[in-house]
Amino acid sequence: MESNVRVRFAPSPTGPLHIGGVRTALYNYLFAKKNNGTFVLRIEDTDQTRYVANAEQYIIDALKWCNIPFDEGPNTNEKFGPYRQSERKELYKKYADILINSGWAYYAFDTAEQLDAHRKGYEAEGKTFIYNWHNRNGGNLVNSLVLPKEEVEAKINTGENYVIRFKSPQDETLLMEDEIRGNIKIDTNTLDDKILFKGDGMPTYHLANIVDDHLMKITHVIRGEEWLPSMPLHVLLYKAFGWDAPKFAHLPLILKPVGKGKLSKRDGDKLGFPVFPLEYTNEVSGDISRGYKEDGYFSDAFINMLAFLGWNPGTEQEIFSLEELIHSFDLKRVSKSGAKFSPDKTKWFNQQYMQTKSDDELTELFLPILAEKGITKDKKFVLKVVSSIKERAVFVNDFWDLSNFFFSTPKEYDAKASKKNWKEGTAELMKELIDVINKIEDFSSENTEKEIKEWITAKEIGFGKVMQPLRLSLVGKLAGPHLFDIIAMIGKQETIIRLENAIEKL
Ligand code: GLU
């Protein structure tokens, strides 16, 4: 049965979704599913100056790839819709007016120049300018708390630019509770009178966010630590409206792999890993940013890795399916301190997931890569190849490098290995080996191994003298799976061709 737990992921469509955003979405999703609740996607697009047209679709595609679908959102089950704030524009003024009428908010007419002059004046005295009870009731800030009512109306009617600010309380101690951080105490004198509504008819993030969380019946606000400083204002806004506040949980930051601070795109560029789930093309510059999907990550491995960036199950288990994550997830086990991102651990997760995928599934992923190279081997053959190499692969994209010798004769031979292992007399020895191979009837891996080894033993020479040049001839380097498996796979004729090629070239 559906519970009343309702959470939301509320990104602003200002660009591609950073993995920190994906983690926020994931934790909301896990929390909702664990509690039989509802996961809502709300697009917070009130800031027109930062709006990027392809960003919303990117967010939706990313959640889809991650397999964490929303229950309600734009064009999906719009029970409390619309779910795009720009389409709810008409609604917010009413709420700003409620606060004006109850004395919790006021009109301010200060121009950017006036505010700047104030700021500079404070700075000159070594102080920081906070727009609140310190200065809003006197001095020369121009607002409806100091101007006569008629003058305020006249200014509004003549279209003078205004904003509506929240009137933060004076000399109060605000007690708040965060599900992850516990009790938080704040002195309201340190808060500034944040802008709630702008003269262009648009609400700011703070007002729209609170009004929508209320109207959409959100019970838990789970979001990044960067929103913690907004929590006092949000709690006060609920109080001002007389609404019950949801519970809050502020997730820890995702930190750089090396050095201090928040993980940024620059870290990814520098150290060579993506910070976005999907590839992203900047609409203006045309720049392309790498994505986990295109880099060859399995979405379940990516999600498993993200789940562990800030949460742990309290046991040694690290590999969790989405179902297991839902079952085990608990906000109480989310840490307060930042989580260091590790590109190596991310790869490790992918490699672990690689081993859990069936040969069949991996073969389906490898076949198109082979087709692109003009290789059309039957699926049964490719299945065998995949099964023999997957243990050493991190990505499906590694398959070709690990297996090309199954499909084609080496075009070149590792120089160092050739020098060391292809000596005087090797060519003659390989010619003799060709004769031996020619006579082998049962060309299974076991039998070729048995017959070739018997021949080497009878000749009373070291195994390496034959095996290394043989591997070099078949693979081109001293790498790859069990040699006799390769021989059995490529067959007698191809084995001989490759030996002849090597004799000619080395
Ligand atoms: N629109 C905000 C963001 O971009 C939402 C913050 C919140 O969840 O309250 O992250």
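As the structure lists them, so they are numbered: ligands from 1, and atoms in each ligand from 1.
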> Compare Glu44, Arg42, His206 and give the one whose heavy atom is closest to atom 1 (N) of ligand 1.
Glu44
> Checking contacts here: is it the side chain or the backbone of Asn209 that comes within 4.0 Å of ligand 1, counting heavy atoms only? Could be both or neither.
side chain
> For atom 8 (O) of ligand 1, what is the closest protein heavy atom, and at what distance to 0.1 Å?
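The protein heavy atom lying closest is Arg8 NH1, 2.7 Å.
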> Would you mind listing which atoms of ligand 1 come within a distance below 4.0 Å of any non-hydrogen atom of Arg223?
7 (C), 8 (O), 9 (O)
> Which residue holds the protein heavy atom closest to atom 4 (O) of ligand 1, what is that atom called, and what is the gap in Å?
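Looking only at protein heavy atoms, the one closest to atom 4 (O) of ligand 1 is Ser12 OG, 3.1 Å.
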> May I ask you to identify, for Tyr205, whether its side chain, its backbone, both or neither come under 4.0 Å of ligand 1 on a heavy-atom basis?
side chain
> To check your reading of the model: name the closest protein heavy atom to atom 2 (C) of ligand 1, its residue, and the distance in Å.
Ala10 O, 3.3 Å
> Does the gap between the ring centers of His234 and Tyr205 come in under 6.0 Å?
yes
> Purely on distance, is any nitrogen or oxygen of Val221 under 3.5 Å from one on ligand 1?
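By distance alone, the answer is no.
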> Other residues, nucleotides and ligands only: do more than 12 of their heavy atoms fall within 6.0 Å of NZ on Lys217?
no
> Does any N or O in the side chain of Tyr27 come within less than 3.5 Å of the main-chain N or O of Ala307, such that one atom is a donor and the other an acceptor?
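At least one qualifying donor-acceptor pair exists.
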> Compute the ring centroids of Tyr162 and Tyr107, then answer whether they are less than 6.0 Å apart.
yes
> Are more than 12 heavy atoms from other residues, nucleotides or ligands located less than 6.0 Å from atom NZ of Lys198?
yes
> Parallel under 30°, tilted from 30 to 60°, perpendicular over 60°: which one fits the rings of Tyr122 and His118?
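Rings of Tyr122 and His118: tilted, as their planes differ by 30° to 60°.
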> Quick one: are the ring centres of Phe31 and His220 less than 6.0 Å apart?
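So the answer is yes for these two rings.
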> Identify the closest protein heavy atom to atom 3 (C) of ligand 1: which residue and atom is it, and at what distance?
Trp227 CZ2, 3.4 Å
